[in-house]
Amino acid sequence: MPKSDYSVDLIKQMAECDANYIRLLKLVPEMSAYLDRSFANIAAADEGPSRAVSDEEPEKALEGRVTRFCLADYGDMGGVNEPVTVEIKILEAFKYTSTLEIVQKPELTQWINNPSMLVRVYHDASTAEVISYQGHRKLKPRYAKPNPEMYHSDEKMQVNQFLGEWLTHCLRSGISEKAPDLISS
């Protein structure tokens, strides 16, 4: 296998993952319960049927939560007459880690594949990294060139940077479905 000239910049990668954690906390404020262990407050504030919060695994109160952000309302785009949204769903919640699924909807496969990724959030280390992008799992920190998968040498870094750009776009342009209606009649 040919040798790669790329060397992993661990400090840069960790800084990007740490920044992604902060961005996710801003977009999904319920995740701050991992920092102060306030899961009971979240379960009590739930609208609709209350989730049982056990003393052994209170973090399970966040499993299944979905946060949506509307990025644009393009009207009828090739038969799709829906606003473009980003959904952040908490798939798994454990004491120190969570797994999030972040997808863009509706599917616009006529032009491109919508971004879709799984993100592992490490609450004890205050960091978040992509563990799957568009179905590609177990990305290595470095790849030799050429490689059978056609990955870039720094594929893992690029995917984490893309997550950062995507989350930043949600912070700047997204309108949360939970946002209050501030327009008065």
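Here the structure is a predicted model, which means the values were calculated and not measured.
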Interatomic spacing from SG in C70 to NZ in K105 - rounded to 0.5 Å: 14.0 Å
Nearest 0.5 Å please: distance from the CG atom of L100 over to the CZ atom of R65. 13.0 Å
Taking only residues two or more places apart in sequence or in another chain, which ones pass salt bridge (charged side-chain N to carboxylate O under 4.0 Å, His left out) with E101? none
Non-neighbouring partners of E92 that pass salt bridge (charged side-chain N to carboxylate O under 4.0 Å, His left out), sequence neighbours left out: none
Going by heavy atoms in the side chains, are [X] and [Y] under 4.5 Å from each other?
X: F69; Y: E87; value: no
X: L27; Y: V86; value: no
X: Y34; Y: L62; value: yes

Is there a path of hydrophobic side-chain contacts, each under 4.5 Å between heavy atoms, that joins [X] and [Y]?
X: L71; Y: V28; result: yes
X: L171; Y: L163; result: yes
X: Y122; Y: M31; result: no

Taking all non-hydrogen atoms of both residues, which atom of [X] and which atom of [Y] are closest, and how far apart?
X: E16; Y: G164; result: OE2-CA, 3.7 Å
X: V130; Y: M117; result: CG2-SD, 3.8 Å
X: S98; Y: H123; result: OG-NE2, 2.8 Å
X: A125; Y: D18; result: O-OD1, 4.4 Å

Testing R120, E63, K89 for side-chain hydrogen bond (donor to acceptor under 3.5 Å, both in side chains) with T99, which one passes? R120
Taking ring-ring contact (aromatic ring centres under 6.0 Å, His included) as the definition, give me every residue that meets it alongside F162, ordered by chain and number, with sequence neighbours left out. Y133, W166
Suppose the criterion is salt bridge (charged side-chain N to carboxylate O under 4.0 Å, His left out): which pairs have a residue in residues 121-135, not counting sequence neighbours? E129-K156
Whether N20 side chain and N160 backbone form a donor-acceptor pair below 3.5 Å: yes
For the backbone of V103 and the side chain of N114, can you confirm whether one donor and one acceptor N or O come within less than 3.5 Å of each other? no
Any residue meeting side-chain hydrogen bond (donor to acceptor under 3.5 Å, both in side chains) with S32, in chain and number order, not counting sequence neighbours: none
Check this for me: does any side-chain nitrogen of one of R23 and E165 sit under 4.0 Å from a carboxylate oxygen of the other? no
Connected-component partners of L118 among ILVMFWY, side-chain separation under 4.5 Å: L91, I131
